[in-house]
Peer 1: 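Quick one: the structure is below, and I'll ask about it shortly.
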Amino acid sequence: MSKVRTLILRAPGANCDGEAAFAFEQAGAEASLVHVNRLIRHEKRLADYQIMVIPGGFTYGDDIAAGKVLANELRLKLGEDIARFVEAGKLILGICNGFQVFVRAGFLPELSLSGSQLLTLTGNDSGKFECRWVYLRANEKSPCIFTKGIERMYLPVAHGEGKLVPLDGALSEANTALYYTDAKGDINAGYPHNPNGSVCNVAGVCDSSGRIFGLMPHPERHIRSTQHPRWTALSAKDPGDGFKIFQNAVDWAKSL
Amino acid sequence: MPAHGDHKGRPYGLFRNDGWGVSVMQRIEVSLKSHLPDARGLGLVKDIQDLGITTVTGAQVEDIYWLDADLAPDKLELIGRQLLADPVTQNYRCFTGAGGEKSAGGRQSHTIEVAYNAGVADPVEQTVMKAVRDLGIKGVKAVRTTQRYLLRGRLTSKQLETISSRLLVNPIIQHTLEPGQFTFPKNPRYRFKLDYVNLLGRNAAGLAKIKKQFPFNDDEFQVILDYYREEGHNPTDAELETLAQTWSEHCVHKTFKGKITFGTATIDNLLKSTIIKATRQLDKPWCVSVFEDNAGVIDFDGKWALCFKVETHNHPSAVEPYGGAATGIGGVVRDPLGTGLGAKPIANTDVFCFGPPDLPYEKLPKGVLHPRRIFKGVRAGVADYGNRLGIPTLNGAICFDERYTANPLVYCGTVGLMPKDLGRPGRQKPGDLVVVAGGRTGRDGIHGVTFASEKLTGESSAVSYSSVQIGNAIVEKKLIDVILQARDRGLFSRITDVGGGGLSSAVGEMGAETGVRVDLDKVPLKYSGLTYSEIWISESQERMVMAVPPEHIDELLSLFAGEDVEASVIGEFTDDKRLRLFYKGNPVGDLKMEFLHDGRPQLTRKVSWSPPQFPEPDFASPADLAPALLAILGSWNVCSKEWVIRQYDHEVQGGSVLKSLVGKNNDGPGDAAIIRPVLDSEMGAIISNGINPKYGELDPYWMAASAIDEALRQIVAVGGNLDRVALLDNFCWGNTDKPEILGALVWAAQACHDMAIDYGTPFISGKDSLYNEFEYEGKAISIPHTLLISAIGVMKDTKLAVSMDFKRAGDLVYIVGTTRNELGGSAYFGTMGFIGNKVPRVEPKSARELMNKLSQATEKRLVKACHDCSEGGIGVALSEMAFAGGLGATIDLKSIPLGERVDRDDFILFSESNSRFLVEVAPENKDEFEKVMKSAGFAAIGRVTGSDFVEVFGLKGQKVISASLADLKEAWQRPLRW
């Protein structure tokens with residue numbers, strides 16, 4: 001059968017598109033970098049793909065708020081296509097800036113095109129952009145397809161606006177796919193294990209279909225053992241922790 | 001003189017917000033919901049306390065968006081609700097017309113509102129306009145933003161002024177305004193008028209006056225006079241500007257290319273007879289392009305090539321640290337992009353030199369920003385711009401010295417990746433079109449080049465108004481994305497970046513062999529009112545120039561338009577070997593390329609140099625060396641730079657193999673950084689640097705040699721080898737019109753030649769920034785002679801990488817290399833208040849042999865950890881390896897191989913002799929390691945222990961250090977825990 005087709009969305013300021021494409025290719029998918037303008041101008045059709053990824057970066061400079069401008073653009077100009085894409089049982093992944101885009105577009109915790117935003121990702125409590133490695137635990141109660149079979153992960157974060165804050169009662173435990181923990185798995189270890197001060201230590205959110213997933217950490221930056229910050233001291237194991245997320249997505253999409 | 005005559009800002013006064021030019025105005029004020037913590041506000045309170053003002057109890061920051069529009073209330077609401085304010089965390093208020101702002105009032109509450117000066121591009125204006133259009137709202141003519149700071153607590157008006165001037169406002173780009181009293185400035189129209197500069201009709205006095213307005217020396221001015229006498233007409237202002245830019249130190253490096261007499265010897269072209277000479281002599285087959293393009297290019301794996309360039313952006317960073325440093329990154333990133341037929345930027349490296357962050361304000365020269373503010377601003381500028389471009393910042397260094405206070409140094413380097421067969425400079429044909437792409441042209445950086453080649457004074461902040469540029473990283477990111485696509489489609493025949501000197505340098509150099517005509521009115525402008533000369537020399541950021549064959553122009557323009565990148569045809573390459581400028585069809589400049597590029601008379605300089613003598617330290621070796629070790633670890637130069645590194649994205653692009661923070665808790669000081677440029681290949685690129693200005697004070701030759709040795713040591717320490725290593729030189733020097741200072745430069749350049757030959761490591765590119773001198777109370781303060789050596793090495797198998805943290809208790813600790821009494825300029829003497837005289841030297845031949853053996857040992861996987869000895873010598877290297885690995889260690893100074901008699905424990909422990917490494921080896925590999933290292937100076941000096949202590953035993957067998965890992969690490973981390 002033909003390979004799973006993955007669309008990696010390019011937009012002004014997106015900058016993790018290359019390594020995201022590489023991760024999906026390693027997982028056996030075919031990855032295409034497509035500029036958002038080409039979708040808007042109907043030069044490319046979202047429907048031709050099974051997975052859509054909004055990679056990390058600083059879309060439109062993160063001016064106003066991280067991911068805000070692309071969020072409006074997607075909701076207002078591509079909202080219908082994206083809704084149909086999800087209805088068709090296909091997958092959408094937002095990494096870092098992609099996650100910020102999802103919450104500001106109102107695609108999470110549940111897909112909505114009304115422009116009502118229930119979650120936000122705001123400035124880190126530290127007041128700084130920080131690049132550091134964090135331990136993560138997947139919520140086994142989450143229907144998330146991307147995190148199936150994953151208990152723990154060690155991945156880097158690199159962001160200044162990653163503190164998840166929901167409106168009261170807007171985020172159920174079922175929607176919580178990923179938590180920050182310390183090395184021992186303690187969920188309440190505090191800063192820097194929770195690098196941004198996220199409410200309830202939430203690192204990733206998934207909708208109830210399990211097919212729209214956004215997370216602040218970068219799984220595409222740990223698909224090889226040599227990306228681990230301490231691989232020179234450990235017995236390096238391949239693939240890296242983040243790889244399973246891409247494998248899960250591709251395996252699921254094969255069945256479409 | 002006409003518009004360009006006075007470049008001290010007056011003509012641009014129009015662009016300051018001086019209140020005139022009122023238009024309909026609406027605004028939306030966005031503030032954080034009161035129950036949420038305001039990280040920006042808390043940060044501000046902390047900075048205010050750092051100023052010694054303790055009465056501020058709280059601070060909030062509000063963002064205010066000013067719209068030049070007349071929107072219906074519901075439309076304005078929509079913008080606030082769906083775009084500007086975050087519904088979860090923020091509130092917004094809409095206003096129509098100025099005013100309407102109730103100042104909170106009361107002695108307990110103070111408001112400072114800060115706006116950008118007119119003429120300074122508002123960084124978010126374009127994005128907000130686009131986003132408003134996306135909402136389906138039309139009729140917004142312009143957008144500007146201001147920040148409003150609300151401070152709570154008792155403050156005198158003097159304290160408010162201090163907070164405002166030291167933290168919130170930089171008059172170069174900002175001003176304060178009455179809350180709600182913003183007005184949109186109008187841009188003046190420009191009515192074309194051709195300006196000639198009357199040279200021919202002037203007497204000596206008149207000529208002298210003109211000469212003052214341009215940075216020409218006597219010889220240059222005479223040559224220009226002769227040229228125009230021969231041509232028989234006066235130059236236009238644009239022609240003289242072109243010559244001034246093209247012949248500036250910054251663009252042409254006349255000192256390095258000059259004729260230098262040194263006693264009886266004469267050096268014709270310092271660069272060619274030292275640094276380039278070594279490269280030619282080594283003639284490495286893997287050098288693809290050296291000293292002929294915007295960056296040096298080396299073969300990576302036969303299919304791909306790497307290019308590397310390091311630039312400085314010192315003067316702009318001195319007056320506006322954030323913008324200056326950001327545009328420094330933006331500028332150097334365009335170098336690889338403008339090398340060959342375009343390389344993808346894949347890594348950044350940054351090295352800074354600042355005054356001490358704890359400098360008392362009394363010692364701060366007037367008109368100079370405090371080192372702490374420059375540090376924070378530069379760091380933020382580099383991080384914001386580099387992170388936005390998605391280029392990992394791999395490593396760097398920060399040096400501190402009081403003489404950098406008024407004259408900070410900001411080195412920015414970028415590595416690029418390109419197909420090897422596109423590594424050579426392109427060639428355009430007559431008839432190819434001149435296309436400028438990316439950002440629009442404004443008054444940014446007008447005369448930046450001549451500014452960069454001049455000395456700074458206390459008034460620089462005032463006079464250099466027009467030299468400060470504000471970067472926009474996303475414009476550059478978009479530009480990179482489309483240029484790489486255009487490259488892969490083969491749409492342009494040549495490319496270069498627009499940097500110092502603006503279009504005048506970029507297009508002028510590109511057209512040197514063919515000739516070129518440019519229609520300056522075709523250049524897209526940020527705002528009206530620029531004269532044709534200003535358009536020609538503007539240094540606005542994020543611009544590239546391409547030569548595009550006519551048959552490809554439509555495809556190229558539609559590709560760029562497709563991703564919202566502006567590209568315009570502004571002229572055509574010709575075959576007349578002339579530079580011809582037009583504005584709306586009128587000729588405004590016409591120069592022979594030959595004269596422009598080869599007409600400059602060679603600079604001639606006399607130099608001298610004599611070694612200084614400093615008092616020899618006369619203190620006895622302390623019985624307990626722990627306090628000295630802790631002091632060195634806690635010194636500004638040695639202490640942890642984690643605070644800076646964490647705020648750079650060093651993982652983006654997914655190639656990271658060895659990071660700059662390593663060890664058990666990811667916080668130990670790694671040596672060189674390693675990345676995989678090509679994700680599906682095991683091969684790696686190693687990037688390192690060497691710098692130590694303290695040695696330059698004693699001997700510039702050995703400073704340069706030491707910097708090269710350090711850069712190479714780091715490459716070997718992480719598991720690389722010297723087989724394919726290329727070097728870059730970046731000289732930042734004082735006023736080279738002074739024989740002593742130029743003499744030091746000559747010695748340093750000679751060392752670069754000698755070391756390159758003996759190590760077999762060619763230089764592939766370089767840069768110099770001279771005249772780094774500051775006049776203060778009639779006294780000239782020169783920066784220390786500062787040479788940054790950057791190295792890039794190719795690694796066959798990244799799986800062989802070694803990190804510096806101790807790995808296992810019971811392993812052996814070896815010293816590789818020979819220790820001498822070389823503490824001149826050392827960190828140890830520094831903490832004891834001395835400089836000393838015996839500067840570390842280098843024996844490159846034996847050092848190369850030793851490094852090759854160590855490389856073989858790592859290749860055989862006999863090395864578990866390796867760290868090079870630099871500042872603080874063995875003492876610091878051992879401590880860092882121990883606390884990075886969370887494992888104690890014990891060593892014996894008696895076992896350390898000495899190159900001469902040294903009978904002091906402190907000298908042996910803290911000597912900074914070059915070409916030395918500490919190496920961790922497993923006991924089971926002892927024999928094989930020693931076999932490989934045979935006959936190199938090395939010895940086993942101790943063990944990694946399970947304890948939490950670093951212990952050092954002295955020459956008499958006594959314990960001279962017993963310090964806990966926690967104390968050592970705390971001393972090292974404390975200073976920059978900001």
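So you know, we letter chains A, B, ... as the sequences are listed, proteins then strands, and number each from 1.
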Peer 1: Between B:Ala131, B:Pro87, B:Gly670, which has the largest tally of heavy atom pairs under 4.5 Å with chain A?
Peer 2: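 The candidate making the most pairs under 4.5 Å is B:Pro87.
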Peer 1: Mind checking the CG-CZ spacing from B:Leu679 to A:Phe22? Nearest 0.5 Å is all I need.
Peer 2: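 One gets 5.0 Å once the value is rounded to the nearest 0.5 Å.
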Peer 1: Out of curiosity, A:Lys77 NZ to B:Asp134 CG, how far, rounded to the nearest 0.5 Å?
Peer 2: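 Output value for this atom pair is 4.0 Å.
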Peer 1: Quick one: of B:Arg40, B:Gln90, B:Arg808, B:Lys807, who has the most non-hydrogen atom pairs under 4.5 Å with chain A?
Peer 2: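 Option with the top pair count is B:Lys807.
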Peer 1: Give the minimum heavy-atom separation between A:Gly13 and B:Ile474, together with the two atoms involved.
Peer 2: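 Heavy-atom minimum between the residues: CA-CD1, 3.7 Å.
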Peer 1: Could you tell me which portion of A:Ala183 (side chain, backbone, both or neither) has an atom closer than 4.5 angstrom to a non-hydrogen atom of chain B?
Peer 2: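 Looking at A:Ala183, nothing touches chain B.
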Peer 1: Taking every non-hydrogen pair under 4.5 Å, which of B:Gln126, B:Glu563, B:Lys478 racks up the most with chain A?
Peer 2: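 Option with the greatest count: B:Glu563.
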Peer 1: A:Phe24: what forms a ring-ring contact (aromatic ring centres under 6.0 Å, His included) with it, not counting sequence neighbours?
Peer 2: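 Testing A:Phe24 for ring-ring contact (aromatic ring centres under 6.0 Å, His included), a comparison that skips the adjacent residues, returns A:Phe246.
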Peer 1: In terms of heavy-atom proximity below 4.5 Å to chain A, should B:Tyr648 be classed as side chain, backbone, both, or neither?
Peer 2: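 The backbone, not the side chain.
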Peer 1: Report the distance from atom NZ of B:Lys477 to atom CZ of A:Phe58, rounding to the nearest 0.5 Å.
Peer 2: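 These two atoms lie 11.5 Å from each other.
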Peer 1: Give, as side chain, backbone, both or neither, the part of A:Leu118 having an atom under 4.5 angstrom from any heavy atom of chain B.
Peer 2: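 The backbone, not the side chain.
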Peer 1: So if I take each residue of residues 214-231 of chain A and look for any heavy atom under 4.5 Å from a heavy atom in chain B, which residues do I end up with?
Peer 2: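 From residues 214-231 of chain A, the residues near chain B are A:Arg221, A:Arg224, A:Ser225, A:Thr226, A:Gln227, A:His228, A:Pro229, A:Arg230, A:Trp231.
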Peer 1: CD of A:Glu43: more than 12 outside heavy atoms within 6.0 angstrom?
Peer 2: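 Atom CD in A:Glu43 is packed in, count exceeds 12.
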Peer 1: Looking at every non-hydrogen atom in both residues, tell me the closest pair between B:Asn387 and A:Asn15 and how far apart they are.
Peer 2: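 Smallest interatomic distance, heavy atoms only, reads O-ND2, 3.3 Å.
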Peer 1: A:Asn72 vs B:Gln82, test: side-chain hydrogen bond (donor to acceptor under 3.5 Å, both in side chains). Steps then yes/no.
Peer 2: CA-CA 8 Å; A:Asn72 276 357; B:Gln82 293 213 338; 5.6 Å; no
Peer 1: Can you tell which part of A:Thr122 gets under 4.5 Å to a heavy atom of chain B, answering side chain, backbone, both or neither?
Peer 2: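 For A:Thr122, side-chain heavy atoms alone lie under 4.5 Å from chain B.
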Peer 1: Using every non-hydrogen atom in the two residues, find where A:Asp63 and B:Pro123 come nearest and quote the distance to one decimal.
Peer 2: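 Closest approach of A:Asp63 to B:Pro123, heavy atoms only: OD2-O, 3.9 Å.
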Peer 1: Can you see which heavy atom on B:Glu651 is nearest to which on A:Pro156, and at what distance?
Peer 2: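 Where B:Glu651 meets A:Pro156 most closely, the heavy atoms are CG-CB, 4.3 Å.
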Peer 1: What part of B:Thr145 is in contact with chain A, defined as an atom under 4.5 angstrom from a non-hydrogen atom: side chain, backbone, both or neither?
Peer 2: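 When you check distances to chain A, no heavy atom of B:Thr145 falls under 4.5 Å.
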Peer 1: Taking salt bridge (charged side-chain N to carboxylate O under 4.0 Å, His left out) as the test, write out the residues that go with B:Glu125, two or more places apart.
Peer 2: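 Testing B:Glu125 for salt bridge (charged side-chain N to carboxylate O under 4.0 Å, His left out), a comparison that skips the adjacent residues, returns none.
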Peer 1: Could you tell me which non-hydrogen atom of A:Val69 sits nearest to which non-hydrogen atom of B:Thr127, and how far apart they are?
Peer 2: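 Nearest heavy atoms, A:Val69 then B:Thr127: CG2-CG2, 3.6 Å.
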Peer 1: Using a 6.0 Å cut-off, check whether atom NZ of B:Lys664 has over 12 heavy atoms from anything other than its own residue.
Peer 2: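 For B:Lys664, atom NZ is not crowded (no more than 12 foreign heavy atoms under 6.0 Å).
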Peer 1: Testing B:Val657, B:Val802, B:Leu658 for side chain to side chain contact (heavy atoms under 4.5 Å, CB included) with A:Thr232, which one passes?
Peer 2: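 Between A:Thr232 and the candidates, side chain to side chain contact (heavy atoms under 4.5 Å, CB included) is satisfied uniquely by B:Leu658.
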Peer 1: What part of A:Pro12 gets within 4.5 angstrom of chain B, counting heavy atoms only: side chain, backbone, both, or neither?
Peer 2: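 Answer is both: backbone and side chain atoms of A:Pro12 are under 4.5 Å from chain B.
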Peer 1: Find the distance between CG (B:Asp649) and SG (A:Cys96) and round it off to the nearest 0.5 Å.
Peer 2: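 Here the rounded value is 8.0 Å.
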Peer 1: Salt bridge (Lys or Arg N to Asp or Glu O under 4.0 Å) for A:Arg104 and B:Asp86? Distances and angles first, verdict last.
Peer 2: CA-CA 8 Å; A:Arg104 296 210 151 89; B:Asp86 184 297; 3.3 Å; yes
Peer 1: Which answer fits A:Ala65, side chain, backbone, both or neither, if we ask what part of it has an atom under 4.5 Å from a heavy atom of chain B?
Peer 2: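 Neither part.
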Peer 1: Might you confirm whether atom NZ of A:Lys128 has over 12 heavy atoms from other residues, nucleotides or ligands at distances under 6.0 Å?
Peer 2: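 It does: A:Lys128 NZ has more than 12 such atoms within range.
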Peer 1: A:Leu76 versus chain B, heavy atoms under 4.5 Å apart: side chain, backbone, both or neither?
Peer 2: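 The side chain, not the backbone.
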Peer 1: Looking at every heavy atom in both B:Ala39 and A:Gly127, which two are closest together, and how far apart are they?
Peer 2: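 That closest heavy-atom pairing would be CB-CA, 4.0 Å.
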Peer 1: Let me check something: any side-chain donor-acceptor pairs from residues 30-37 of chain A under 3.5 Å, sequence neighbours excluded? List them with distances.
Peer 2:
| from | atom 1 | to | atom 2 | distance (Å) |
| --- | --- | --- | --- | --- |
| A:His35 | ND1 | A:Asn37 | N | 3.0 |
| A:Asn37 | ND2 | B:Gly562 | O | 2.9 |
| A:Asn37 | ND2 | B:Asp564 | OD2 | 2.9 |

Peer 1: Short question: side chain of A:Glu130, backbone of B:Gln647 - any donor-acceptor pair under 3.5 Å?
Peer 2: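 The answer is no, because no donor-acceptor pair under 3.5 Å joins these two groups.
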Peer 1: May I ask you to name which of B:Val30, B:Leu389, B:Val662, B:Leu83 has the most heavy-atom pairs under 4.5 Å with chain A?
Peer 2: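 Among B:Val30, B:Leu389, B:Val662, B:Leu83, the one with the most close pairs to chain A is B:Leu83.
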Peer 1: Please round to the nearest 0.5 Å and tell me the distance separating atom SG of A:Cys131 and atom NE2 of B:His650.
Peer 2: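 Going from the SG atom of A:Cys131 to the NE2 atom of B:His650 covers 3.5 Å.
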